[in-house]
Amino acid sequence: MIPVCRLEDLPAGEAVRLDSTPPIAVFNADGELYAIDDTCTHQDAPLSEGWVEGCLVECPLHAAAFDLRTGRPTSPPARRPVRTHQVVVADGVIHVRPSDAPAVPTATAPRPVPGREP
């Protein structure tokens, strides 16, 4: 786990950037903590410099928005999600456990359509 900062040092509506590889942003969205990759999937802008409203962050470059809970884009021009990461608070310190999962969900095998033979 990566230590981020003390809980009281990240006020609601604010974000902090971790200079990890890739960079990770930790957000305090109305008291709930979320961590996502800090790079917009549309055009490499730091999401930690964006605007937080509820569980959404808006990219400062072209206004693409992402759901902090899932990493999925909620408005264009972004089409691909960002990875989400686990956030843990221990002894008043925020920690992030980076995800090894890809940001884009893996494809599943096509399902047969009922009534049609494969």
Can you get from [X] to [Y] by hopping between Ile, Leu, Val, Met, Phe, Trp and Tyr side chains that sit under 4.5 Å apart?
{"X": "Met1", "Y": "Val89", "result": "no"}
{"X": "Val26", "Y": "Val57", "result": "no"}
{"X": "Leu33", "Y": "Leu18", "result": "yes"}

Rounded to the nearest 0.5 Å, what separates atom CD in Glu14 from atom SG in Cys5?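 Between atom CD of Glu14 and atom SG of Cys5 there are 11.0 Å.
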
Spacing of Arg79 atom CZ and His42 atom NE2 [to the nearest 0.5 Å]: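 Nearest 0.5 Å value for the CZ-NE2 distance: 9.0 Å.
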
So do Leu47 and Arg17 actually touch side chain to side chain, heavy atoms under 4.5 Å?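 The answer is no; the side chains never approach within 4.5 Å.
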
Within-4.5 Å side-chain heavy-atom neighbours: Ile2 and Pro98: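 With C-beta onward as the side chain, the pair touches.
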
Salt bridge (Lys or Arg N to Asp or Glu O under 4.0 Å) evaluation trace for Asp67 with Arg72: CA-CA 6 Å; Asp67 187 317; Arg72 293 183 187 271; over 6 Å; no

So which heavy atom on [X] is nearest to which on [Y], and how close?
{"X": "Thr84", "Y": "Gly71", "answer": "CG2-N, 3.5 Å"}
{"X": "Tyr34", "Y": "Cys55", "answer": "OH-SG, 3.6 Å"}
{"X": "Phe66", "Y": "Arg80", "answer": "CE2-O, 3.5 Å"}
{"X": "Ala35", "Y": "Val96", "answer": "CB-CG2, 4.0 Å"}
{"X": "Thr41", "Y": "Ala78", "answer": "OG1-CB, 4.0 Å"}
{"X": "Gly54", "Y": "Asp30", "answer": "CA-OD2, 3.8 Å"}

Quick check against the 3.5 Å criterion: does Arg83 have a side-chain atom that pairs as donor or acceptor with the backbone of Ser99?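 It does hold such a pair.
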
Between Ser75 and Ala65, is there a donor-acceptor pair closer than 3.5 Å when you use the side chain of the first and the backbone of the second?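 A pair under 3.5 Å: yes.
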
Please say which of [options] ends up in a side-chain contact (heavy atoms from CB on, under 4.5 Å) with [X].
{"X": "Leu7", "options": "Asp91, Val93, Ile94", "value": "Ile94"}
{"X": "Thr39", "options": "Asp44, Ile24, Val82", "value": "Asp44"}
{"X": "Phe27", "options": "Leu56, Val16, Val87, Ile36", "value": "Ile36"}

For Gln86, is the CD atom crowded, meaning more than 12 foreign heavy atoms sit under 6.0 Å from it?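 Enclosed.
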
Test item: side-chain donor near acceptor, Asp38 and Ser48, under 3.5 Å: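 Looking only at side-chain atoms, Ser48 and Asp38 do form a donor-acceptor pair, the distance falling under 3.5 Å.
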
